[in-house]
Trainee: 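Below is one structure. I have some questions about it.
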Amino acid sequence: MMKVAVVGAAGRMGLRLIQAVVEAEGLELSGAIERPGHEQVGTDAGLLAGVGELGVKISDDLATTMSGADVLIDFTFPDVTLNNLAVCAELGKMVVSGSTGFSPEQRAEAEAFARRIPVVLAPNMSVGVNACFKLLKEAAKILGDDFDVEVVELHHNKKKDSPSGTAVRMGEVVAETLGRDYNQVANYHREGMCGERTKQEIGMQTVRGGDIVGEHTVYFIGMGERIEISHRAMSRDMFARGAARACQWIADKGPGLYDMQDVLNLK
Ligand code: NAD
C-alpha cells in the first residue's frame, strides 16, 4: 500500500481527495494537513470528508506527517505548494500537486525541486480535459493560422486565480502547435478603442459566478464556420480521482516534473 497525505485537507478539493484516496486501489490515507490555526485541525479527516472515521487526525505539521507518508497530494496555492515542495524535497517524498496560478518564476522554482523528487504538477487532473489538450493540438494543426482562436472559461465565484490554469494550458497548447509564443500572443483585455483583432492573438476570457465547477471552451473561428472544443466539469470528484491515479502512476518514477499527459500516457 502507498501511504498518501493530503494537504489543504479541509478545502473544497481536499475533502474530495480524502474520499478518492480511500476508494483507490493500492492507496492508504496516512495523513491530512491544514494550515496552522484552521478550525478543523485535530478533527478526524474521514469524518470531515463524510467517509467514516479513519483514525487520521488533521494536523498542522507537514514535516512530521510526511515522515510517515510516501506521497503528498497538494491542492492549495502556489506559495503554499512551493513551501510544501521544499519540505518534501528535504525528506525525499513524492508530490502530486493540482495547485494553479503559478507565475513563470514560481514554476521555475517548482521545476528546481522536481530535480530532487518526482513531482506531478497539473492544472487540471481530469481525464476529459487532458483528452481535450490532445484534441486541441490536432485541431490547431489542421486549422492553422486561418482560424482565430479564443478561449473562454467559467468558474465559481470563490476562485482566486484568473484565467484558470486549464485555460492557460489550453492557450499554450494551441500557441505551441501554431509556432507562437503564448506569452506574446495571449490577450486578456479588450476595452474601449482597442483596435481590430490581430491574426496571431489568442483571446483569453473569464466568467465568474455561483457554484460553476469549471467549464472551458476553445473557439476556432473561421470565415463562415466555427469549431468549439468544450469541457464541462459536473463535480470535483474526477479531479480527485485523477490525482489518485497520479499517485498510483508516480510510485516507480524517478525525480522529474511530470504532468497528466505523462500519467495518462497521452504524449
Ligand atoms: P480551497 O480554498 O477550498 O482549499 C484550499 C485549502 O488549502 C484550504 O482549506 C486552506 O485552508 C488550505 N491551506 C491554505 N494554506 C495552507 C497551508 N499553508 N498549509 C496547509 N493548508 C493550507 O480551494 P480549492 O477550491 O480546494 O482549490 C485549491 C487549489 O486547487 C486551487 O489552486 C485550485 O485552482 C486548484 N484546483 C485544481 C484542480 C486540478 O484538477 N488541478 C481542480 C480544482 C481545483
Side-chain angles (χ1 to χ4, degrees), residues 5-20 31-43 45 48-49 57-66 69 72-88 95-103 106-107 110 119-133 153-170 206 208 210-216 231-247 250 257-264:
V6 171
V7 61
R12 280 179 290 266
M13 277 307 300
L15 298 174
R16 313 316 314 148
L17 289 161
I18 290 166
Q19 181 173 2
I33 306 112
E34 256 301 336
R35 64 177 160 70
H38 194 286
E39 58 185 12
Q40 299 297 354
V41 170
T43 305
L48 190 66
K57 297 255 185 285
I58 296 180
S59 161
D60 60 5
D61 181 348
L62 180 78
T64 305
T65 306
M66 284 315 293
L72 177 69
I73 304 184
D74 162 300
F75 277 59
T76 59
F77 307 104
D79 51 340
V80 178
T81 300
L82 289 174
N83 284 332
N84 295 344
L85 282 169
V87 171
C88 289
V95 177
V96 168
S97 178
S99 298
T100 64
F102 286 82
S103 67
Q106 286 173 319
R107 168 122 188 138
V119 176
V120 172
L121 184 63
N124 197 308
M125 301 237 175
S126 100
V127 174
V129 160
N130 283 281
C132 279
F133 290 149
E153 59 100 333
L154 295 77
H155 276 90
H156 55 88
N157 57 18
K158 303 277 185 290
K159 186 161 177 65
K160 295 187 174 65
D161 53 320
S162 171
S164 72
T166 303
V168 171
R169 188 64 206 131
M170 287 178 159
T206 62
R208 293 285 175 266
D211 62 352
I212 301 171
V213 176
E215 301 190 7
H216 295 84
H231 179 269
R232 291 190 181 89
M234 317 296 180
S235 90
R236 292 183 170 81
D237 292 338
M238 44 77 188
F239 300 128
R241 280 197 294 271
R245 193 159 162 175
C247 289
I250 206 174
L257 188 64
Y258 307 100
D259 60 21
M260 280 307 277
Q261 303 282 303
D262 295 307
V263 173
L264 300 172

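Numbers here are sequence positions counted from 1. Keep in mind that what you see is a predicted model, and the values were worked out from it rather than measured. All ligand and atom numbering here is 1-based and tracks the order in the structure.
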Trainee: Looking only at protein heavy atoms, which one is nearest to atom 7 (O) of ligand 1, and how far off is it?
Mentor: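 The closest one turns out to be G8 CA, 3.4 Å.
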Trainee: What part of P36, side chain, backbone, both or neither, has a heavy atom within less than 4.0 angstrom of ligand 1?
Mentor: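 Contact part for P36 vs ligand 1: neither.
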Trainee: Who's the nearest protein heavy-atom neighbour of atom 18 (N) of ligand 1, and how far?
Mentor: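 Going atom by atom, the protein heavy atom closest to atom 18 (N) of ligand 1 ends up being V80 CG1, 3.5 Å.
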Trainee: Among all protein non-hydrogen atoms, which one is nearest to atom 31 (C) of ligand 1, and what is the separation to 0.1 Å?
Mentor: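 Residue, atom and distance for the closest contact: T76 O, 3.2 Å.
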Trainee: Which pair of heavy atoms, one from A110 and one from L82, lies closest together, and at what distance?
Mentor: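 Looking at all heavy atoms of both residues, the closest pair is N-CD2, 3.7 Å.
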Trainee: Are any non-hydrogen side-chain atoms of V127 and R245 less than 4.5 angstrom apart?
Mentor: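 Sidechains of R245 and V127: in contact.
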Trainee: Identify which of R16, R12, K160, M13 has a heavy atom lying nearest to atom 3 (O) of ligand 1.
Mentor: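 Nearest heavy atom to atom 3 (O) of ligand 1 lies in R12.
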Trainee: So which protein heavy atom does atom 38 (C) of ligand 1 come closest to, and at what separation?
Mentor: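 Residue, atom and distance for the closest contact: F75 CE2, 3.5 Å.
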Trainee: What do we get for P123 next to ligand 1 when only non-hydrogen atoms under 4.0 Å count, side chain, backbone, both or neither?
Mentor: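 Under 4.0 Å from ligand 1, P123 contributes backbone atoms alone.
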Trainee: Can you tell me if E153 uses its side chain to pair, donor with acceptor, with the backbone of S164 under 3.5 Å?
Mentor: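 Checked: pair present.
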Trainee: Within a 6.0 Å radius of atom CG on N157, are there more than 12 heavy atoms belonging to other residues, nucleotides or ligands?
Mentor: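 Result for CG/N157: enclosed.
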Trainee: Which residue holds the protein heavy atom closest to atom 21 (N) of ligand 1, what is that atom called, and what is the gap in Å?
Mentor: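 Looking only at protein heavy atoms, the one closest to atom 21 (N) of ligand 1 is R35 N, 3.3 Å.
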Trainee: Which residue and atom name correspond to the protein heavy atom nearest atom 10 (C) of ligand 1, and how close is it?
Mentor: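 Scanning the protein heavy atoms, the shortest distance from atom 10 (C) of ligand 1 goes to E34 OE1, 3.5 Å.
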Trainee: Minimum heavy-atom separation for D60 and P36, please, with both atom names.
Mentor: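 So the two residues come closest at CB-CA, 3.7 Å.
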Trainee: Which heavy atom of the protein is the closest neighbour of atom 40 (O) of ligand 1, given with residue, atom name and distance?
Mentor: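 Answer, as residue, atom name and distance: M125 N, 2.8 Å.
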Trainee: Backbone N or O of T76 within a donor-acceptor pair of the S99 side chain at under 3.5 Å?
Mentor: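 Looks like yes, one N/O pair under 3.5 Å.
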Trainee: Considering heavy atoms of the protein only, find what lies nearest to atom 2 (O) of ligand 1 and give residue, atom and distance to 0.1 Å.
Mentor: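 Nearest protein contact, heavy atoms only, for atom 2 (O) of ligand 1 is F77 CZ, 3.6 Å.
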Trainee: Does the D259 side chain pair with the main chain of D262, one donor and one acceptor, at a distance under 3.5 Å?
Mentor: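 Checking the backbone N and O of D262 against the side chain of D259, a donor-acceptor pair under 3.5 Å is found.
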Trainee: Considering distance alone, does some N or O of I33 sit under 3.5 Å from an N or O of ligand 1?
Mentor: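 No, no N or O pair falls under 3.5 Å.
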Trainee: Taking all heavy atoms of M260 and all of N124, pick out the closest pair and write down the distance.
Mentor: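 Taking every non-hydrogen atom into account, CG-O, 3.8 Å.
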Trainee: Report yes if K159 has an N/O atom closer than 3.5 Å to an N/O atom of ligand 1; otherwise report no.
Mentor: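 It does: an N or O of K159 is found under 3.5 Å from an N or O of ligand 1.
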Trainee: Please confirm whether A10 comes within less than 3.5 Å of ligand 1 when only nitrogen or oxygen atoms on both sides are compared.
Mentor: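 Looking only at distances, the answer is no, because the N/O contact criterion of under 3.5 Å is not met.
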Trainee: Considering only heavy atoms, does K158 approach ligand 1 within less than 4.0 Å through its side chain, its backbone, both, or neither?
Mentor: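 K158 to ligand 1: no contact under 4.0 Å from either part.
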Trainee: Geometry only, no angles: is V7 polar-contacting ligand 1 at N/O separations under 3.5 Å?
Mentor: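 By distance alone, the answer is no.
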Trainee: For the side chain of E34 and the backbone of A10, is there at least one donor-acceptor N/O pair under 3.5 Å apart?
Mentor: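 Side chain of E34 to backbone of A10: a pair is present.
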Trainee: Taking P123's backbone N and O only, do any of them form a donor-acceptor pair with T100's side chain (distance below 3.5 Å, no angle check)?
Mentor: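 Here the side-chain-to-backbone pair does not exist.
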